[in-house]
Amino acid sequence: MAAPHDRRILVTSALPYANGHIHLGHLVEYVQTDVFVRFQKLRGHRAIYLCADDTHGTAIMIRARGEGRSERALVAAMREAHLADFDGFQIAFDHYGSTDSDANRRLCDMIWSRLRARGLVVSRDVRQLYDPEAGVFLADRFVKGCCPKCGASDQYGDSCEACGAAYTPADLVEPRSTLSGARPEVRSAEHLFVTLEPLHDFLATWTRSSGAIDPRIANYLAGHFLGEPLRDWDVSRPAPYFGFEIPDAPGHFWYVWFDAPVGYIAATEEWCAARGETLATWWGRGAPNEPPAEIHHFIGKDITYFHTLFWPAMLEAAGLALPTRVRIHGFLTVNGQKMSKSRGTFLLARTYLEHLDPGMLRYFYAAKLSGGIDDVDLDLDEFAAKVNADLVGKVVNLASRTARWLEATGLSAAYPDDGGLFARAAADGAEIAAAYEDCDTARAMRTIMLAADRANAYVDAEQPWKLAKAGPASAARLQDVASVALNLFRQIAVYLAPVLPAFAAQAGALVGGPIRSWDESQRPLTGSPVAPFQPLMKRVEKPHLDALLAAARAEAEREAAARPPTPVPAPAPPPASHSGGPTMTTPPTTGPDSAEPLAAEPLAPECTIDDFTKVDLRVARIVTAEEVPEAKKLLKLTVSFGGDATRTVFAGIKGFHAPESLVGRLVVVVANLAPRQMKFGTSEGMVVAASGAGAPGVYLLSPDSGALPGMRLR
RNA sequence: GGGCCCGUAGCUCAGUGGUUAGAGCAGGGGACUCAUAAUCCCUUGGUCGUGUGUUCGAAUCACACCGGGCCUACCA
């Protein structure tokens with residue numbers, strides 16, 4: 001290890017695929033990585049945390065097609081969602097790129113030409129199933145048919161779930177494309193391969209002796225891949241493919257797994273460009289006066305061989321720095337089982353954020369992760385018990401039971417005799433730091449909680465509440481006791497800061513200011529003012545967990561309902577009895593409102609007041625309302641903003657509101673919406689209405705009586 | 001079928017050759033009342049999966065078996 005403050009540490013998490021939202025399983029890795037990076041920064045090292053969206057490949061292409069938009073539109077939308085989720089969980093990337101970037105294209109090109117120059121690229125024809133209707137080659141999972149061994153129907157192209165037989169898609173009986181239903185044909189196409197066998201010795205040595213990977217993994221690789229000649233790696237896909245076209249092989253695109261890890265470097269380059277640094281500082285192999293940077297990859301066990309064989313092979317061939325360490329973790333289970341949509345345990349990041357504090361999950365993961373590849377189980381009862389006992393009962397309690405006595409006086413001017421408690425916990429810092437360094441956060445958390453236990457015992461023994469009642473004679477002693485307790489509290493907050501950044505900030509606001517350095521755990525504070533105590537964390541209660549699971553289940557059901565590949569028929573118009581207006585369909589509510597509508601449609605990402613004011617909402621009066629006979633859902637309305645300002649608006653409320661009942665009533669209109677040419681005329685605005693899960697219908701909004709057309713909503 | 005990991009108190013785990021095996025949570029009893037029914041003290045609870053070895057000494061090492069998990073499969 002380099003001198004303590006001389007380390008340059010580049011850290012990555014695996015790139016999330018732009019085909020889906022972030023869930024709690026992903027977050028095991030991002031939390032683990034973020035904790036590691038925050039720890040390194042707190043220790044004063046130069047650490048950067050880089051990640052990116054993984055955007056290319058067939059799955060994205062197919063999904064974009066299905067949604068009737070471009071791949072880039074899909075990818076851009078998913079990026080926003082990913083970033084909002086990460087932000088919610090306090091995952092602090094130094095840069096978050098995309099594999100669909102200019103930097104990535106250039107770097108892929110660079111690495112590719114170096115592979116070419118070393119003669120590692122070979123070309124060969126591959127016979128693959130082709131969907132003549134969709135016009136694409138089919139990956140194994142896009143083909144279904146009957147198992148050639150046992151005849152089971154509806155099996156995927158690689159293996160049979162019924163009898164376990166393995167085969168190739170071409171072996172399937174009565175194969176069909178899951179994209180179009182067409183019968184695939186076998187076609188031959190040229191593919192480009194990276195031949196890895198020339199790097200066999202290098203990989204055998206590197207996996208075994210570089211220290212980058214756990215010996216157990218090295219053994220697995222040795223047995224599984226390195227015990228025989230390495231197979232060539234197929235890195236190209238014929239058009240059409242969403243990705244980068246290979247410059248010296250027109251019509252061929254780099255396979256998504258080729259350009260994905262290069263995204264680590266591309267993100268670094270973008271980060272460097274923004275700060276005037278050079279890429280070689282991080283991915284170069286070092287110089288006499290500049291040793292190479294440390295590179296730490298955090299990944300899940302499912303992508304082990306990409307990161308321990310292909311990736312180092314690419315880096316070696318390209319003359320770039322090799323990973324210092326590949327950290328492999330297991331999967332997440334919930335209540336002891338795989339996350340399951342039908343059980344309601346498929347928990348999306350944003351669903352969690354709507355119900356619970358992200359810090360609690362960060363702590364729970366930290367308390368569970370010990371650096372190994374075992375799966376992590378999120379048992380919700382255990383989660384609640386652990387978070388409540390440790391964070392609320394022990395740590396937060398320390399401040400909440402003593403801070404009030406120091407609001408007036410601040411901390412004692414000299415650190416009082418505490419029987420060696422602070423010094424002991426300060427000495428524990430070395431062990432805690434070693435555990436963090438090792439990604440054994442479970443050990444770190446255990447050690448920290450022991451300090452919290454000792455601190456609470458101290459408070460009990462000193463009985464500051466009695467000192468408080470004893471009056472001025474005991475004031476100095478009271479201040480001393482509380483000063484010790486708050487110092488021990490802040491010391492713990494420093495140790496927990498990598499895991500609980502928001503909590504650490506609040507602790508700093510209470511006493512001592514922002515926590516900037518690990519060293520702050522080594523010296524007690526004296527004389528500092530103490531702010532009024534604010535609640536730092538709420539206990540997890542059963543209803544919170546029940547609501548979370550209910551929301552997850554509702555989400556899964558909503559998604560399942562939206563999934564059928566055949567176009568969903570337009571909803572049939574409801575019975576005419578619904579058309580009398582909003583009052584008829586809304587029974588008075590007595591008990592608590594259902595959680596269903598919100599659960600089914602989680603809140604959108606946060607926006608600013610500026611975002612909101614871009615939308616000009618006005619009160620308007622409906623002047624005319626008429627049926628559009630050919631339209632299934634639309635009514636044609638003329639609305640007035642007062643005076644002679646009127647607009648023609650098509651509103652999707654047919655069947656829920658009789659036209660004649662609408663004339664004269666006040667509604668809310670998006671007044672500055674861009675005009676939209678529709679089949680039946682131009683719509684010059686949008687009438688605001690509510691709809692969602694839990695009840696059918698579309699509900700118009702009405703202002704309180706007295707509002708005038710043209711008034712703005714704000 | 002093969003490989004790897006795990007099996008310690010009701011639960012989650014620490015302890016990996018050396019005094020009567022530990023912690024947190026849960027259970028029981030008590031104290032306190034400052035604190036988010038939080039905290040503190042005492043306490044119940046384990047033939048350390050089973051068996052056989054190695055050793056002066058085994059939860060810890062070896063072998064076999066039983067049970068669980070992960071990975072991978074007519075190739076390690």
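Chain A is the first sequence line, chain B the second, and so forth, proteins listed ahead of strands; every chain is numbered from 1.
Using a 4.0 Å heavy-atom criterion, one finds that K301(A) contacts the sugar-phosphate atoms exclusively. Among the protein residues, M537(A) comes within range of the nucleic acid bases, having at least one heavy atom under 4.0 Å from a base atom. Residue G227(A) is out of contact with every strand shown, counting any heavy-atom pair closer than 4.0 Å. Using a 4.0 Å heavy-atom cutoff across all strands shown, N219(A) reaches no nucleic acid atom at all. Using a 4.0 Å heavy-atom criterion, one finds that I373(A) contacts no nucleic acid atom at all. As judged by a 4.0 angstrom heavy-atom cut-off over every strand, R216(A) is placed among residues touching the sugar-phosphate backbone only.
Taking atom CG of L510(A) as the reference point, atom P of A35(B) lies 15 Å away to the nearest angstrom. R443(A) places its CZ atom 8 Å from the C1' atom of A14(B), with the value rounded to the nearest Å. For F364(A) and U12(B), the CZ to P distance is 11 Å, given to the nearest whole Å.
Taking a pair as Watson-Crick or G-U with both hydrogen-bonding distances under 3.5 Å, the stems of three or more pairs touching RNA chain B are B:1-7 with B:66-72, B:10-13 with B:22-25, B:27-31 with B:39-43, B:49-53 with B:61-65.
Between Y264(A) and H297(A), the ring center distance clears the sub-6.0 Å criterion.
Salt bridge annotation for D460(A)-R401(A): present, with a cationic side-chain nitrogen under 4.0 angstrom from a carboxylate oxygen.
When only modelled atom types and interatomic distance are considered, D234(A) and Y255(A) share no side-chain donor-acceptor pair under 3.5 Å.
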